[in-house]
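Heads up: the structure comes next, in structure tokens.
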Amino acid sequence: MSLVEDTGNETGKPKSASTPGEGDVAPSGTASVKPPRSVRPGTDSSPADLGATLAKMRAAARKAGTPDYDTRLEHLDKLERVLVSRKHDIVKAIAMDFGVRSKHETLIAEVMIAVNEIKHARAHLHEWMETEPREVPWMFLPARAEVLMQPLGVVGVIAPWNYPVQLAVGPLVCALAAGNRVMIKPSELTPDTGELLRTMITETFAPDHVAVVTGGTEVSAAFAALPLDHLLFTGSTRVGKIIMKAAAENLVPVTLELGGKSPAILGEGYSLQRAAVEIMAAKMFNAGQTCLAPDYVLLPKGKADAFVEECKTAVASMFPKLVSNDGYTAVINDAHYARLKGYLDDARDRGGKLVEINPAKEDLTPEARKMAPTLVLHPKEEMLLMQEEIFGPILPVKTYETLDEALAYVNDHPRPLALYLFDDDAKRTDKVLRETVSGAACVNTAMLHFAMSDLPFGGVGGSGMGSYHGKDGFDTFTKKKPVVYQARINAGSMMRQPYGGTLDFALKMLIGS
Ligand code: NAD
């Protein structure tokens, strides 16, 4: 069955007024605005209950032992079935949370990629689970050494709001493939999706196997403080630091999937038209609310005006309309809308040249939270949009005189989650890939690496640590336990006191006299 079917209505309820709640999303220098919070007091988890859920899962894991290959396949099958059968509910719930979320963006980014991840895991699980034989130095022969793949136990996943299903389910696939039990905490900014996830998981897995806990940041904070066997957090760099501190109290290993500013660099002579299409398609997907969205553009001096024209053409052909277009996603809530407007006001106040692309010249009201893609030409470093991750449809466009200058700019900033290069010159491409460090890189496209299950996905430095997807995700949630088996007859006695001539001979052979 096609993943893309007409659900009738992809637009959820209008959501204009934010409910006061906790959490400050305003960047430094702008007014503090509060995001809405989960308003489900009847169903939200209490921070005090989380420890009991973990204890039940631990006890169940001990009782059931390590799930075998067939059991894990069954878990993956069940997850795939519920994702596919509830795909229209997922489209609706996310549209409710966003106000407007493109149905196709949901089906591609939340369902299709997760299903592909499951299919990839299923196809390779047997080989991933296999015990790996390792080399034994001759003096320890006939010992045998191998690495046993063992589930870590009970692992935690904290997800953000921007892809609320994918970023909860993607890590879940890896954790289940690796044989773990899993606790998931969705974002409080997408309560409808969080509730749907909870229902789907409750219907599919035993409560001591996979559990979704919902609630505000107090629940997230209690979750991060649990003595889990691993914690995978996806979210902002700011909260990532809080998570790592909380996890450190229990020495819980963490994978941090964070954000940052991912550059798009255009090489000399590369088609501005092709680059504009790729960059604007990636930037406008989910209205720029993607950790991997191109955050700013670096292009050769003298090309900015022509690039702007190509961006206008690209946007007009993809999005002839913005407001009356259910395929163009809204900004998640009033707080984030105000944050993005704050970046634009700040850029304008500091003398920036703003180019708003509004093909049908529609009236963009704050109530609808549809934001026109806006280019900011020659941004100054002190502007907020050059200091903070943008996470919306705003694109600063900077020019460079030499490629070295562009690379120095990238390298002077925290390591990005991704770097996008648009260049047909192999030598320059090689130089850029070698001289920059980023979570990932794409050449002549953007964001595509996320959809490739066989590539490790994760940041580096400020954009995160560790990785998941495919085998790398399996490894993240697996204890690779080295095991040595010694034979009854062996040369071990040579290595015990009192040391004798045989050892002296062996040492001479190995390290000289
Ligand atoms: P966020 O950091 O505000 O929140 C993420 C999660 O952390 C939420 O579930 C929230 O409940 C929880 N949280 C918030 N405060 C907490 C606290 N004090 N203690 C414990 N948990 C807390 O991020 P967000 O606004 O939901 O998502 C946007 C950010 O996520 C952006 O920076 C984006 O780049 C990043 N992101 C990264 C990836 C990736 O794969 N690297 C993917 C998507 C989003």
Side-chain angles (χ1 to χ4, degrees), residues 21-27 34-38 44-45 47 50 97-98 109-110 113 156-168 170-171 183-191 193-194 197 212-226 231-247 249 252 254-262 285-286 288-295 331-333 335-336 339-340 388-392 414-418 438-440 447 449-451 456-469 473:
E22 71 282 64
D24 181 356
V25 296
K34 304 278 185 181
R37 53 148 294 145
S38 169
D44 279 356
S45 315
L50 303 185
D97 283 328
F98 275 74
E110 314 275 0
I113 294 180
V157 173
I158 298 182
W161 53 264
N162 62 327
Y163 293 97
V165 171
Q166 166 60 234
L167 296 170
M183 290 176 72
I184 300 173
K185 166 63 182 67
S187 170
E188 60 282 1
L189 297 198
T190 44
T193 313
L197 263 178
V212 174
V213 299
T214 56
T217 43
E218 70 288 356
V219 177
S220 301
F223 193 99
L226 291 172
L231 177 57
L232 187 148
F233 167 82
T234 304
S236 61
T237 303
R238 181 184 71 81
V239 177
K241 290 178 189 174
I242 299 173
I243 297 291
M244 198 164 168
K245 268 191 201 149
E249 278 301 310
V252 173
V254 288
T255 300
L256 299 180
E257 300 284 344
L258 309 179
K261 297 181 80 64
S262 299
F285 198 93
N286 208 26
Q289 301 166 104
T290 306
C291 55
L292 290 167
D295 190 274
V331 172
I332 182 75
N333 60 30
H336 278 281
R339 175 182 65 81
L340 291 165
E388 310 277 343
E389 176 185 10
I390 293 173
F391 222 57
R415 290 176 166 169
L417 186 57
S438 54
M447 308 206 305
H449 59 291
F450 186 87
F457 180 77
V460 56
S463 55
M465 62 181 69
S467 60
Y468 72 113
H469 286 196

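Every number for a ligand or one of its atoms is a count from 1 in the order of the listing.
- The contact set between ligand 1 and W161, taken as ligand atoms under 4.0 Å from a residue heavy atom, comprises 24 (P), 25 (O), 26 (O), 27 (O).
- The ligand atoms of ligand 1 that sit less than 4.0 angstrom from a heavy atom of E257 are 37 (C), 38 (C), 39 (C), 40 (O), 41 (N).
- Taking each of E188, H336, E389 in turn, the one with a heavy atom nearest to atom 11 (O) of ligand 1 proves to be E188.
- Using a 4.0 Å cut-off to heavy atoms of P160, the atoms of ligand 1 that qualify are 24 (P), 26 (O), 27 (O), 43 (C), 44 (C).
- When only modelled atom types and interatomic distance are considered, D295 and S262 share no side-chain donor-acceptor pair under 3.5 Å.
- For ligand 1, the atoms closer than 4.0 angstrom to any heavy atom of F391 are 28 (C), 31 (C), 33 (C), 34 (O).
- Remark: F285 pairs with no residue by the ring-ring contact (aromatic ring centres under 6.0 Å, His included) rule, at least two apart or across chains.
- Close contacts between ligand 1 and K185 involve ligand atoms 11 (O) [criterion: under 4.0 Å to a heavy atom].
- Taking every non-hydrogen atom of L167 and a distance limit under 4.0 Å, the qualifying atoms of ligand 1 come out as 42 (C), 43 (C).
- Atoms of ligand 1 found under 4.0 Å from any heavy atom of S187 (numbered from 1 in listed order, with element): 9 (O).
- Comparing heavy-atom distances from atom 22 (C) of ligand 1 across N286, T237, L256, V239 singles out V239 as nearest.
- Counting atoms of ligand 1 from 1 in the listed order, those under 4.0 Å from a heavy atom of I158 are 6 (C), 7 (O), 9 (O).
- With sequence neighbours excluded, no residue satisfies salt bridge (charged side-chain N to carboxylate O under 4.0 Å, His left out) with E389.
- Not one N or O on the side chain of N286 forms a donor-acceptor pair closer than 3.5 Å with the backbone of Y163.
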